[in-house]
Amino acid sequence: MGFGGIDRETKESFVLKVEKRDKNTLIPIIKSFIKPHTKIMTDGWKSYSDLKDEGYIHEVVNHSIEFVREDDCSVHTQKVERMWKTLKSVLKREGRESENDHLYVFEFLYRE
């Protein structure tokens, strides 16, 4: 499983392989890559529910209802969704779950 994020302004991004996507796994990763008081936009995954308590400005898009928040069209996860789609296509092209996945991810991040 993968986890990552992208800065909409700078286009800086990070991608990591994770064994679980629970709160205890993801919150420390978020804290190591994203400064406190940063606005984070996510889907409604329950592992993100404590981001405000961790000092972040957390905006949520409920993907079962919409992909861009109706009340504020700047709140969406389209950039990170696009990043994942592109990365997955690179990994599929090179052969999934190979021992060289980390090299393809590195190359993807470098090119992006």
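Throughout, residue positions are numbered sequentially from 1 according to the sequence presented.
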Going from [atom1] on [X] to [atom2] on [Y], what distance comes out if it is rounded to the nearest 0.5 angstrom?
X	Y	atom1	atom2	answer
R8	S13	CZ	OG	14.0 Å
F33	T38	CZ	OG1	14.0 Å
E54	I40	CD	CD1	10.0 Å
M41	K39	CE	NZ	5.0 Å

Do [X] and [Y] have side-chain heavy atoms sitting under 4.5 Å apart?
X	Y	value
I6	V80	yes
L16	I29	yes
L51	T42	yes

Exercise. If you take all heavy atoms of Y56 and I34, which pair is closest and at what distance?
Worked result: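 Looking at all heavy atoms of both residues, the shortest contact is OH-O, 2.7 Å.
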
Exercise. Nearest heavy-atom pair of M83 and F14: which atoms, and what distance?
Worked result: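 Heavy atoms only, the tightest pair is CE-O, 4.2 Å.
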
Problem set entry | Pairs involving residues 63-78, ordered by first then second residue, that meet salt bridge (Lys or Arg N to Asp or Glu O under 4.0 Å) (sequence neighbours left out) |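 Sorted result for residues 63-78: E59-R69, R69-D71.
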
Exercise. Between the side chain of W45 and the main-chain N/O of R21, is any donor-acceptor distance below 3.5 Å?
Worked result: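 Yes.
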
For this session: List for me each residue that meets side-chain hydrogen bond (donor to acceptor under 3.5 Å, both in side chains) alongside Q78, sequence neighbours excluded, and say none if there are none.
Result: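 Partners of Q78 by the side-chain hydrogen bond (donor to acceptor under 3.5 Å, both in side chains) criterion come out as none, since no residue qualifies.
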
Problem set entry | side-chain contact (heavy atoms from CB on, under 4.5 Å) partners for K23, two or more places apart |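 Partners of K23 under the side-chain contact (heavy atoms from CB on, under 4.5 Å) test: I27, S47, D50.
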
Problem set entry | H63 side chain to T77 side chain, donor-acceptor N/O pair below 3.5 angstrom |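 The criterion, which ignores hydrogens and geometry beyond distance, is satisfied for T77 and H63.
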
For this session: Measure the acute angle between the ring planes of Y48 and H58, then classify it against the limits of 30° and 60° as parallel, tilted or perpendicular.
Result: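 Ring orientation, 0 to 90° scale: perpendicular.
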
